[in-house]
Protein chains: 2
Amino acid sequence: MMSKKSMSTLERISFGEYVRSLRGKANLPLRKVAAELNIDTSTLSKIEKNERNANEQIIDGISRMFKIDQSELKVRYISDKITNQLLNEEDGLEILKIVEKKIKYYRRKKT
Amino acid sequence: MMSKKSMSTLERISFGEYVRSLRGKANLPLRKVAAELNIDTSTLSKIEKNERNANEQIIDGISRMFKIDQSELKVRYISDKITNQLLNEEDGLEILKIVEKKIKYYRRKKT
DNA sequence: ACTTCTTGGACATCATTTGTCCAAAAGTAA
DNA sequence: TTACTTTTGGACAAATGATGTCCAAGAAGT
């Protein structure tokens with residue numbers, strides 16, 4: 001049985017690093033991908049270095065371009081963001097547990 | 001054994017509602033608490049209705065005023081925020097699991 | 001060297017948040 | 001009801017943060 005604590009290499013890399021790796025495998029310059037996504041080359045560079053935010057439209061474009069699952073990519077993006085919010089919080093892990101309970105609670109109530 | 005899924009009443013209420021309940025128990029008007037916190041009455045009203053953000057300073061002030069644990073209050077605040085970010089995400093719970101792994105991973109690395 | 005790719009800074013613009021005030025609504029007690 | 005206090009929501013400017021765009025210089029490949 002796989003330990004819950006382990007992280008695959010894929011999970012370990014950040015959203016930006018992941019996008020860069022996709023682009024690398026496809027052997028495409030920033031220029032081309034950025035054009036396809038209708039954003040500036042420089043902006044894409046920064047996204048890949050986690051210095052700029054992506055958004056829904058960009059994420060969708062990337063997933064279409066590289067034929068990867070859109071929600072997987074979104075999950076990567078959001079989980080990075082939240083990790084950054086909690087990484088320096090003393091009680092980060094406790095917060096996660098509470099959030100989990102809250103989400104489950106509200107979902108049960110609302111659906 | 002207590003189910004992991006259960007939520008105490010205290011956990012169920014929002015940050016704002018909690019602050020309001022503290023103020024209610026102490027029987028203090030917004031005016032007085034806001035003055036103590038150096039914020040506008042209106043702002044505090046909105047914080048209690050979760051329509052405005054609190055911040056570190058305000059959270060600290062509230063915990064001092066009502067003699068409650070400062071990190072507990074902070075945990076409440078942040079967990080509310082993150083819950084709101086994830087509540088409407090299809091993959092919210094999956095994201096939480098990944099965040100947990102990431103935090104554990106980075107903490108192991110960095111400390 | 002020449003060319004292409006990548007990066008970082010500058011900048012205006014746009015969006016969001018904050019602090020503040022005020023008037024009206026809601027509540028309390030005479 | 002009237003008088004008083006508390007609470008709310010809207011409006012607004014100021015501050016802060018995000019976005020889009022351009023360009024020049026650094027890095028990498030030929």
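Below, each value reflects all heavy atoms present in this structure, side chains not excepted, and no hydrogens, waters or symmetry copies. Chain A is the first sequence line, chain B the second, and so forth, proteins listed ahead of strands; every chain is numbered from 1.
Computed from coordinates, the B:L37 CG to C:dT18 P distance equals 15 Å when rounded to whole Å. Between the CG atom of A:L30 and the C1' atom of D:dC23 there is a distance of 16 Å, rounded to whole Å. Taking atom NZ of residue B:K49 and atom P of nucleotide D:dG9, one finds them 3 Å apart after rounding to whole Å. Protein atom CD of A:E51 is 12 Å distant from nucleotide atom C1' of C:dT6, rounded to whole Å. Distance CD (A:E17) to C1' (C:dT6): 17 Å, rounded to an integer number of Å. Straight-line distance from the CD atom of B:Q57 to the C1' atom of C:dG19: 13 Å, rounded to whole Å. Regarding B:K32, its NZ atom lies at a distance of 8 Å from the P atom of D:dT6, rounded to whole Å. If you take CZ of B:R23 and C1' of D:dT5, they are 13 Å apart, rounded to a whole angstrom.
The pair B:K74-A:E89 counts as a salt bridge, with a side-chain nitrogen and a carboxylate oxygen less than 4.0 angstrom apart. The residues A:K104 and A:E100 are annotated as salt-bridged, a charged nitrogen and a carboxylate oxygen being separated by less than 4.0 angstrom.
For the 3.5 Å distance criterion, the side chains of B:S42 and B:K46 qualify, holding a donor opposite an acceptor.
With rounding to the nearest 0.5 angstrom, the CG atom of A:L73 is 6.0 Å from the OG atom of A:S63.
Nearest heavy-atom pair across A:K102 and B:R76 is NZ-O, 4.3 Å.
Comparing D:dT5, C:dC5, C:dT7 by their closest approach to the side chain of B:R31 singles out D:dT5. For B:P29, the side-chain atoms get nearest to D:dT7 when compared with the rest of D:dT7, C:dT7, C:dC5.
Applying the salt bridge (charged side-chain N to carboxylate O under 4.0 Å, His left out) rule to A:E90 yields no partners; only residues at least two apart in sequence or on another chain are considered.
Few gaps surround CD on B:E51; more than 12 heavy atoms of other groups in view lie less than 6.0 Å from it.
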Produce the list of close N/O pairs, under 3.5 Å, pairing protein atoms with atoms of nucleotides 18-21 of chain D; give distances to one decimal.
unit_1, atom_1, unit_2, atom_2, d
D:dT19, OP2, A:N53, ND2, 3.2
D:dG20, N7, A:R52, NH2, 2.2

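Put simply, B:S45 has no side-chain N or O that comes within less than 4.0 Å of OP1 or OP2 on D:dT7.
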